[in-house]
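For reference, the structure is listed below as structure tokens.
What you see below is based on every heavy atom in this structure, not just the backbone, and it leaves out hydrogens, waters and symmetry mates. Here is how names work: the chains are called A, B, and so on, in the same order as the sequence lines, proteins then strands, and each is numbered from 1. Here the structure is a predicted model, which means the values were calculated and not measured.
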Amino acid sequence: MIHEHEKLDHRVQRWIFKQGWTGLREIQCLAIEPILSEKTDVLISASTAAGKTEAFFLPALSAIAVQETGVGILYVSPLKALINDQDRRLESLSDLLEIPVTPWHGDSSKGRKKKLKASPSGVVLITPESLESLLIRDSDWIRAAFSNLKYIVIDEFHAFIGSERGHHLLSLLHRLEHLIGRLETPIPRVALSATLGELEKVPLSLRPNRSLPCKIVKDTHSTSTLKVQVKGYVNPANLATESSNDAEYTICQDLFKFCRGGNHLVFANSRSRTENIAATLSDFCEEKIVPNEFFPHHGSLSKDLRESLEKRLQQEHYPTTAICTMTLELGIDIGKVNSVIQVTAPHSISSLRQRMGRSGRRGGASILRMLIAEAELTKDSSVIDKLRLELIQSLAMIRLLIGSKWYEPADTSLYHFSTLLHQVLAVTAQWGGIRPEQLFSLLCKDGPFQNVNVENFKALLVHMGKKELITQLGSGELVLGLLGEKLTSHYSFYAVFKTPEEFRIVRGTKSLGTLPVDSLVLEGQHIVFGGKRWKVNDIDSEKKVIYVEHAKGGKPPKFGGAGLNIHDVVRQEMFQILKDGDYKISVGDQKVDFADSAARELFGESVRYFEGAKLSREPLLQAGNTTYIFPWLGDKVVNTIVALLIQHGFEAGAYAGVIEVEKASLESVRSTLLKLASMELPTETELAQQVLEKRIEKFDEFLPESTLSIGYGAKAFDMTNTEAWLKKIKTQTDCLI
DNA sequence: GACCTGCTGCGGTTTG
């Protein structure tokens, strides 16, 4: 394997030497042979900054270095910013090989696009949406330009997998292979990612029809070390808002201590908390008369503000801490930071892993601090507070991250009907006219929508006809209808995901960012935005602009938001920790304690309550008029149990995975659960029929009710695991009798 | 009690 690099083009070898590299990394060596073979898909899974991009491009550029004409490599990225980074990173190597690289997205140079149009060759860096636009508007050019295409590479594959946008991408790639006559001899796909759960299942998500095998390349010995600490905080009960005694203020004081003078990332999970923390930390700087080094970074801030902060982080000239949301999670180039701090529990282990990858300078340890505030207990405290579930969830996620290296896998049971409808329109627009059976094989039978059967598809087409999205000609061919024509001819068509309407926040003539309109903003109201406090002067509903001026004090804007989706494995780990009364991680014959004394104290309270209520054996608990159910399973199962109970006349809801059944005795809930365990349960689709608002995705508004129920049912409910849980409850009860 | 991503053609202005 030491001589693998000799298979690379001589100029590529010379370039490697010139970089001063002592040799190739393990994954880079391992990737050479499968990529050069051109006979297999390749999944390259390695941690951040392990050289995944080079692992692909060194051999792939070698393979196309001798290619005369046509685009040889199509690189697909979820972010424009990533395309711009890659364009810069590839410059020296592509210059040496005289291979042109063309970034192709909404904001990229028109001149370079024009040049590629005139003489297509080399590497194209593109977003899925731009590829869609080219397929619809210029498929003849695509057919010619991509006729010699050797590789398709997808960066940050985990950002696509399992989502509407991911299915869009798979459909685009399948349509591309179809267009250039490569269905029989598919173009090898290479997926790059740091955090993929259940690796062996990923190839199916890269190519659902399995027309090529997939080679998995991963680094076998990850040398990176992690240093983790969980700190607990107690939020005093009965406090007036914005008190200097509340937990968030104490957390900010600690953040100031940890971060000042260095480069750090603070992930705060919501834009409003991000804004609050950044403002408080800036205030601390002002009080101490030192330059501010704390800045917010999230999706509603303007590109200018975000980019200047990214640059400041990367240059490392000044100490800088970004308080951020997932905008700094993906691979945009900001260099490594001293440490990562997570305030409030993370939403998934894969995102936690992604965040940790941002820390660890010069091969040193990654440092993660997790700051978790729980409410001070009073006689009115809820069961969820008494169990300290946010802390328990955080501990469970750290154990899964470090102990079992497990990440949430993609949910492959989904239908993605909204995106399927989009693709019916896109393909019809691309071809002008198409027969229904051709559409079905292209999109469902051979394409990525394999969960959709002929009946589902027929129902969809019939409804699309009724809505004038498509029309059937006498010949049987489908063409665009009036509304379909209108939708596909507007640029907003290309993306399959939905964007809420937003107001621009403007100070004088300077745009500070945008705010979703579902939030309440009134004239005279004080808001926090861009890390500073503002007073709203005027709102222009027509132009969708909010005019602001500087102000002191004020409340943050209320950003909108929806539900969580915690996985079964996380909840099972939480149960295990509480049952064992121990969260520590075994390393060799030692146990590593990663919690501070306050977190240990909170954990003790949780375990005492757990044991007192006998929750290790008893899934039900009555407190006053309310009965609680503890399935210790993911939100899909929790949703399913709630829906079943509502069907049986109960008032039920769930919080943090715990089901609350109001005005119900433990015995009445238990007998209903036992009844459910022995009867035939409704299907997920049938359960979805009782849900009133099912239109969530961008094109859901055009779907027939029956199709919506199928899609919603698969997304929200899990009858198989619910049934298994009910049977377990029944067996336990039978044993007791 | 959540987050993020993307898109065109053309008319206008400025610059070489």
Side-chain donor or acceptor of A:Lys117 paired with backbone N/O of A:Trp141 under 3.5 Å: no
Separation of atom NE2 in A:His167 from atom C1' in B:dG6, rounded to whole Å: 19 Å
Structure string for DNA chain B in dot-bracket form, Watson-Crick and G-U at under 3.5 Å, | interchain: ................
Sugar-phosphate, base or nothing in reach of A:Ser492, heavy atoms under 4.0 Å: base
N-O pairing of A:Lys636 and A:Asp411 below 4.0 Å: yes
Parallel, tilted or perpendicular: rings of A:Trp632 and A:Phe630 (30°, 60°): parallel
Contact pattern, 5' to 3', of nucleotides 8-16 of chain B - B, S or - by protein heavy atom under 4.0 Å: BS-------
B:dT5 OP1/OP2 closer than 4.0 Å to side-chain N/O of A:Arg306: yes
Nearest heavy-atom neighbours spanning A:Thr344 and A:Ala268: OG1-O, 4.0 Å
Of A:Gln423, A:Glu132, A:His422, A:His416, the residue whose pairing with A:Ser171 passes side-chain hydrogen bond (donor to acceptor under 3.5 Å, both in side chains): A:Gln423
Flag, side chain of A:Glu374 to backbone of A:Glu390, donor-acceptor distance under 3.5 Å: yes
Any residue meeting side chain to side chain contact (heavy atoms under 4.5 Å, CB included) with A:Thr509, in chain and number order, not counting sequence neighbours: none
Aromatic stack A:Phe493/B:dC7: centroid gap under 5.5 Å, interplanar angle under 30°: no
Trace of the salt bridge (Lys or Arg N to Asp or Glu O under 4.0 Å) decision for A:Glu697 with A:Lys715: CA-CA 12 Å; A:Glu697 303 296 341; A:Lys715 196 172 195 164; 2.7 Å; yes
Touch class at under 4.0 angstrom, heavy-atom based, for A:Arg355 against every strand present: nothing
Short side-chain N/O contact from A:Thr127 to OP1 or OP2 of B:dC7, under 4.0 Å: yes
